[in-house]
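Okay, so here's the structure we're looking at.
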2 protein chains.
Amino acid sequence: MTSSAHGVRARARIEVTAAIKEEARRQLAKEGAVKLSLRAVARELGMASSALYRYFPSRDDLLTALIIDAYESLGAAAEAARDAAADVGPVGRWTAVCEGVRGWALGHPHEYALIYGTPVPGYTAPDTTVPAAARSALVVIGILRDAHRGLGLAEPPLSAELRPEAVRMAADLAPDLPPGVVARMVAAWAQLFGLIGFEVFGQFNRVVEDRDAFFRHAVGRLAHTVGLVYPQQGPAGGRAAEPS
Amino acid sequence: MTSSAHGVRARARIEVTAAIKEEARRQLAKEGAVKLSLRAVARELGMASSALYRYFPSRDDLLTALIIDAYESLGAAAEAARDAAADVGPVGRWTAVCEGVRGWALGHPHEYALIYGTPVPGYTAPDTTVPAAARSALVVIGILRDAHRGLGLAEPPLSAELRPEAVRMAADLAPDLPPGVVARMVAAWAQLFGLIGFEVFGQFNRVVEDRDAFFRHAVGRLAHTVGLVYPQQGPAGGRAAEPS
DNA sequence: GGCAAAGCAAGAGCAATGCTCTCGTTTGTG
DNA sequence: CACAAACGAGAGCATTGCTCTTGCTTTGCC
């Protein structure tokens, strides 16, 4: 049958492709991206190393596939954290998503390094990675959007220097949010990964002990930064105004 | 003479060691740490690759030397930025140091990646790197210390959850600063490298255009976070209270 | 149905890597 | 002066990413 005609080969192809990615992900999780070896993957799968090139034209292409998967995995974790905190208000959701992202990073350090660590030299992420990378960021945009439509956000003052850039970013990322909020959100997003990266990459060794408390504190501050909490007044979502 | 007896070999050794590091740093700057090849270094220096192992027992040891140098280089850049901004008040110095660190990172992306990017798997930084790594951090501690002894710092509230950890960190890092300030400083430090890392590693591509303005904005916010600017009142060092 | 074309797997091979071992040679020390 | 330590060079090993060629199987078209 033609469906199987389009199927036997095609299905085998996606199955083998999946098996390769699975084994590659296993090696990635165990040894890190640098140690990921095409030959070792092929060996483990019982096939010739040259056969692997039918599925991924180069090692970088395999890496790209893993990068996309990692972004999606992170995005899914962020979404799950958001959904699990549906009824605790915007600040609670923000906190939950941040902790979800952190939890994912701590649980998948090598995959985290793959997407937020040192990029491989000479490698520029193909455009296919962009939507995957956006997935987790969209979660916090959504939270801010909801908060803005609901109780409202603290709109921070916007310096003349930053205003044009903030307007541009808002138009690109979230036209329904105030430019000042968008600018602070982008900054907070980057800063969040500073906190997480320091923890995952060991920069907090011998410095921060109680990482949970420390992270919660910093995330609370970021919620403030981003406009989810009003500066000197009551909480917008059931939390103190000036965290820790 | 015994001095030259201790010298000819010894001097040659440190000269060759320096030459190796120099060439290695050149390759690092051009191609990145992953592409750094012992054989290529030896080739460029006109020596056999095996001879190189007399100076660095392994590739990781060469990397470690480069890591220390990179930390020192960054620390020197931070100190220079601080010294160049001696008379602009604490907030100005904070801003200058942050921009100095960022400038160094943008100017030495591969060395930045070496120290703040993905750590090489299975590699744990030997203790010799710790003081070098601390050098840049000490600069901001010094700024906060000066500000605290001078005009004073805004002492943020400290949650019960974080207090013990903050006290511990303060005892370790800066016993003369309020624990709440120390905790926020550590967080701000990590967040700073989130901003810088996103820019250096290309995460801001297609998102942030005017990086200078954006960075200045975020750094101003961090100055606020860290207590250099009082929440709702006048500046402590010649700058507006609520930046951008 | 039959048959050319395309997809596929395997092996050999190439250039390169980190690292080890061995063998002379140079250098410093008792 | 003699001996041990440091040194440089070469050969070699195991491994890597990737290419090329050689056969075999599946697919799609006439």
Side-chain angles (χ1 to χ4, degrees), chain A residues 1-21 23-24 26-28 30-67 114 119-123, chain B residues 1-21 23-24 26-28 30-67 114 119-123:
Chain A
M1 26 178 172
T2 31
S3 85
S4 119
H6 247 283
V8 173
R9 267 264 221 267
R11 195 210 302 273
R13 181 169 185 88
I14 65 176
E15 267 178 21
V16 174
T17 304
I20 292 173
K21 285 208 295 185
E23 176 59 30
R26 188 155 43 231
Q27 294 197 12
L28 173 70
K30 199 170 59 180
E31 302 260 35
V34 190
K35 293 288 191 179
L36 201 170
S37 150
L38 284 189
R39 292 182 108 112
V41 170
R43 207 178 304 134
E44 212 67 23
L45 262 55
M47 57 166 79
S49 67
S50 55
L52 223 151
Y53 285 81
R54 297 265 169 203
Y55 299 88
F56 297 94
S58 84
R59 187 176 178 277
D60 277 3
D61 292 271
L62 214 196
L63 257 305
T64 300
L66 294 183
I67 285 174
L114 196 60
V120 314
Y123 170 88
Chain B
M1 25 176 172
T2 30
S3 85
S4 119
H6 248 282
V8 173
R9 267 261 218 269
R11 197 213 297 280
R13 181 169 185 87
I14 65 176
E15 268 177 20
V16 174
T17 305
I20 292 173
K21 284 208 295 186
E23 175 59 31
R26 188 155 43 233
Q27 294 198 13
L28 173 69
K30 200 169 59 180
E31 302 259 35
V34 191
K35 293 288 191 180
L36 201 170
S37 150
L38 284 190
R39 292 182 109 110
V41 170
R43 205 179 304 133
E44 211 68 24
L45 262 54
M47 57 166 83
S49 67
S50 55
L52 223 149
Y53 284 81
R54 301 266 175 205
Y55 300 88
F56 296 94
S58 84
R59 187 176 179 276
D60 276 3
D61 291 272
L62 216 196
L63 258 305
T64 300
L66 294 182
I67 285 174
L114 196 60
V120 315
Y123 170 88

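Atoms considered below: every heavy atom in the structure, side chains included; atoms not considered: hydrogens, waters and symmetry mates.
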Take the protein atom [atom1] of [X] and the nucleotide atom [atom2] of [N], then report the distance between them rounded to whole Å.
| X | N | atom1 | atom2 | result |
| --- | --- | --- | --- | --- |
| A:Gln27 | D:dT15 | CD | P | 14 Å |
| A:Arg59 | D:dT19 | CZ | C1' | 18 Å |
| A:Asp60 | D:dT16 | CG | C1' | 14 Å |
| A:Leu52 | C:dG11 | CG | C1' | 15 Å |
| A:Glu15 | C:dA9 | CD | P | 12 Å |
| B:Asp61 | C:dG18 | CG | P | 13 Å |
| B:Glu44 | C:dT17 | CD | C1' | 16 Å |
| B:Tyr53 | C:dC23 | OH | C1' | 19 Å |

Checking A:Ala40 now: which residues fulfil side chain to side chain contact (heavy atoms under 4.5 Å, CB included) with it, not counting sequence neighbours? A:Gln27, A:Ser37, A:Arg43
Residues in side chain to side chain contact (heavy atoms under 4.5 Å, CB included) with A:Thr64, at least two apart? A:Ile68, A:Tyr123, A:Pro126, A:Thr129
Considering only side-chain heavy atoms of B:Leu38, which listed nucleotide, C:dC19, C:dT17, D:dT19, is closest? C:dC19
Once pairs are restricted to Watson-Crick or G-U wobble with both distances under 3.5 Å, how does DNA chain D read as a dot-bracket string, [ ] for crossings and | for other-strand pairs? ||||||||||||||||||||||||||||||
Does A:Leu36 reach a base, just sugar-phosphate, or nothing at all? Heavy atoms under 4.0 Å. sugar-phosphate
How long is the straight-line distance from [atom2] of [Y] back to [atom1] of [X], given to the nearest 0.5 Å?
| X | Y | atom1 | atom2 | result |
| --- | --- | --- | --- | --- |
| A:Ile67 | A:Leu114 | CD1 | CG | 4.5 Å |
| B:Leu66 | B:Leu28 | CG | CG | 6.0 Å |
| B:Glu44 | B:Ile20 | CD | CD1 | 13.0 Å |

How would you list, by chain and number, every residue that makes a salt bridge (Lys or Arg N to Asp or Glu O under 4.0 Å) with B:Arg26, sequence neighbours excluded? B:Glu23
Under the side-chain hydrogen bond (donor to acceptor under 3.5 Å, both in side chains) rule, collect the residues that match up with A:Thr17, sequence neighbours excluded. none
Phosphate oxygens OP1/OP2 of D:dG17: is one of them under 4.0 Å from a side-chain N or O of A:Ser37? yes
Show each protein N/O and nucleotides 7-11 of chain D N/O combination with a separation under 3.5 Å, one pair to a line.
unit_1	atom_1	unit_2	atom_2	d
D:dC7	OP1	B:Arg13	NH1	3.1
D:dC7	OP2	B:Arg13	NH1	2.8
D:dG8	OP1	B:Tyr55	OH	3.0
D:dG8	OP2	B:Tyr55	OH	2.9
D:dG8	N7	B:Arg54	NE	3.4
D:dG8	O6	B:Arg54	NH2	2.8
D:dA9	OP2	B:Ala48	N	3.1
D:dA9	N7	B:Ser50	OG	3.0
D:dG10	N7	B:Ser50	OG	3.2
D:dG10	O6	B:Ser50	OG	2.8

Should A:Leu62 and A:Leu36 count as side-chain neighbours, where that means a heavy-atom distance under 4.5 Å? yes
Show every side-chain hydrogen bond (donor to acceptor under 3.5 Å, both in side chains) that has at least one partner inside residues 50-59 of chain A, sequence neighbours left out. A:Ser58-A:Asp61
